[in-house]
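Worksheet: one structure, shown below.
All chains are named by letter (A, B, ...) in the order of the sequence lines, taking the proteins before the strands, and each is independently numbered beginning at 1.
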Protein chains: 2
Amino acid sequence: MPRQVAERADILPKLAEIFRKRGYEGASLSEIGAATGLGKGSLYHFFPGGKPEMAESVLAEVDAWFEGNIFAPLRAIPAGDAAEARARLAEMCRAVDAYFKSGRRVCLLGAFALADTRERHAARVRDYFRRWVEAVARALVVAGRAPADARTEAFDAVACIQGALVLARAADNPPAFAGALARLQARLTA
Amino acid sequence: MPRQVAERADILPKLAEIFRKRGYEGASLSEIGAATGLGKGSLYHFFPGGKPEMAESVLAEVDAWFEGNIFAPLRAIPAGDAAEARARLAEMCRAVDAYFKSGRRVCLLGAFALADTRERHAARVRDYFRRWVEAVARALVVAGRAPADARTEAFDAVACIQGALVLARAADNPPAFAGALARLQARLTA
DNA sequence: CTCCATATGGAACGAACGGTACAGTCTAAA
DNA sequence: TTTAGACTGTACCGTTCGTTCCATATGGAG
């Protein structure tokens, strides 16, 4: 194999960062080139499908991270182990706080859910949030909630996270996100 | 005065609708022209500042609507009248549900808080959410909460609304928004 | 009717867009 | 040392962007 100066995997985080900062439509190829340090030739070498493929790849990577680090651990809680369920829900809050850098980072899928790219990535965004809510609901059932209550509480929990991100970003007040997460953790593990 | 076929006030709702649907960067002048039924000449006649002025005017109008219909009523609750405070908090939930068309409409300021236009409209977005949270907190204090609790609960309430909008939009499931609002109302008026 | 400010559509503009083409650079294997 | 092919920068393409400009239409005031 010839040289491999840049890796697709190295580019994706930088791509994610610029899509977060500028949005899909707002991120121009020249900006992307500047942010990644890659010329258009390299960009189109790694992403022959152009900007749509870049965005899709970024979403897939973010989705995979959440699937592995957030959703799967919640789903894998042994039935009946309420204490473990509470522990993993608390761990979710910690991991979410870390991922979003305590409110300094925006949820790309949340932003794409609201903005112009809704149509384009609707299926992936829908699936991401569905799996998140279902994983939390599963954990809450193990923790002792009635299934119906667990579902609404899980919805409200994920909504709380997303809303706190919006408000923390709007107020430019990252600590507010951490505070909201702490209260959420208390509610979930009550 | 010569004819006035179109009014600035008539255009703003249509502008808001297209910014909601396509985002700031995604909404092109030709789309805006098609959506409003106005040529570029008319558009630039009403908004000499171009697209930035259009967005700013829309945000100002939305902000004014919330100020008059949501924030002010909450702020104006007579001190000590806990029952009235609960009633107006319930009325806020009803008005919010109506405004967002039960989850079929997106919060423009929330979307702008996350997306590419963050820098441009940061001050207005920050002020909007700050006034919202403070108004709810004021009502909660009158309803009997301790000031510190009222502040965090108000933050969580507005976050819940914004997050529910994100999730309802992502899942393409408007009723989920109404459900979240109903639960929020129950919590606030408890 | 004549004015004239207001309102309007659309042609035209430069700039920037996303995307393509390709010659050139470099490295690992032969 | 040669060579195949992964990588890279850049010039360039057609398109569309936001904006400007202007000829024209309109309707109340004089």
Side-chain angles (χ1 to χ4, degrees), chain A residues 1-60 108 111-112 115-121, chain B residues 1-60 108 111-112 115-121:
Chain A
M1 190 90 81
R3 68 172 172 167
Q4 182 89 352
V5 174
E7 285 267 11
R8 227 181 105 111
D10 300 332
I11 306 172
L12 284 176
K14 293 177 179 177
L15 273 182
E17 225 43 58
I18 190 159
F19 278 132
R20 261 187 264 267
K21 199 168 71 178
R22 305 277 295 120
Y24 179 79
E25 305 279 3
S28 73
L29 280 201
S30 47
E31 275 181 295
I32 292 173
T36 57
L38 261 47
K40 290 188 181 183
S42 310
L43 252 14
Y44 273 82
H45 171 72
F46 289 114
F47 306 96
K51 215 162 87 151
E53 185 178 339
M54 297 179 203
E56 173 57 29
S57 304
V58 166
L59 289 184
L108 200 52
F112 278 26
D116 37 18
T117 48
R118 201 176 341 126
E119 299 290 319
R120 195 193 296 273
H121 302 108
Chain B
M1 190 93 81
R3 69 177 171 157
Q4 182 90 351
V5 174
E7 286 265 10
R8 228 182 104 112
D10 300 331
I11 305 171
L12 285 175
K14 293 177 179 174
L15 273 181
E17 226 41 59
I18 190 157
F19 279 132
R20 262 187 265 266
K21 198 167 73 180
R22 306 278 292 118
Y24 179 78
E25 306 279 3
S28 72
L29 264 278
S30 46
E31 276 180 294
I32 292 173
T36 57
L38 260 48
K40 295 184 178 183
S42 309
L43 251 14
Y44 272 81
H45 171 71
F46 288 115
F47 306 97
K51 215 162 86 153
E53 185 178 339
M54 296 178 204
E56 173 57 29
S57 303
V58 165
L59 289 183
L108 199 54
F112 277 27
D116 39 15
T117 48
R118 201 175 342 123
E119 299 289 319
R120 198 193 295 272
H121 302 108

Backbone of Y24(B) reached by a side-chain donor or acceptor of K51(B) within 3.5 Å:
yes
So which one's nearest nucleotide on DNA chain C is more toward 5', E31(A) or P48(A)?
E31(A)
From C-beta outward on K51(A), which listed nucleotide comes closest to its side chain: dG19(C), dT19(D), dT8(C)?
dG19(C)
Candidate nucleotides dG18(C), dT20(D), dC17(D), ranked by approach to the side chain of S30(B) - the nearest:
dC17(D)
Please state how far atom CG in L38(B) lies from atom P in dA25(D), giving the value in whole angstrom units.
18 Å
Starting the side chain at C-beta, find the nucleotide from dT10(D), dT19(D), dC17(C) nearest to K40(A).
dT10(D)
Answer whether the closest heavy-atom distance between the side chains of V58(B) and R20(B) falls below 4.5 Å.
no
Any idea which of dT19(D), dG9(C), dG18(C) is nearest the Y44(A) side chain?
dG18(C)
Any idea which of dG19(C), dT8(D), dC17(D) is nearest the S28(B) side chain?
dC17(D)
SB check R8(A) E53(A) (cutoff 4.0 Å)
yes
All heavy atoms of M54(A) vs all of L29(A), minimum pair found to be CE-CD2, 4.0 Å
To the nearest angstrom, how far is L43(A) atom CG from dC17(C) atom C1'?
14 Å
About how many Å separate CZ of F19(A) and CG of L12(A), when rounded to the nearest 0.5 Å?
10.0 Å
Taken to the nearest whole Å, CZ/F46(B) to C1'/dA5(C) is 13 Å
On DNA chain D, compare the nucleotides closest to L29(B) and H45(A); which residue's is nearer the 5' end?
H45(A)
How many whole angstroms separate atom CD1 of I32(B) from atom C1' of dT16(D)?
14 Å
At under 4.0 Å between heavy atoms, what does G50(B) touch on the DNA or RNA strands: base, sugar-phosphate, or nothing?
sugar-phosphate
Roughly how many Å is it from CG in L15(B) to P in dG18(D), rounded to a whole number?
13 Å
CZ of R22(B) versus P of dT16(D): gap in Å, rounded?
13 Å
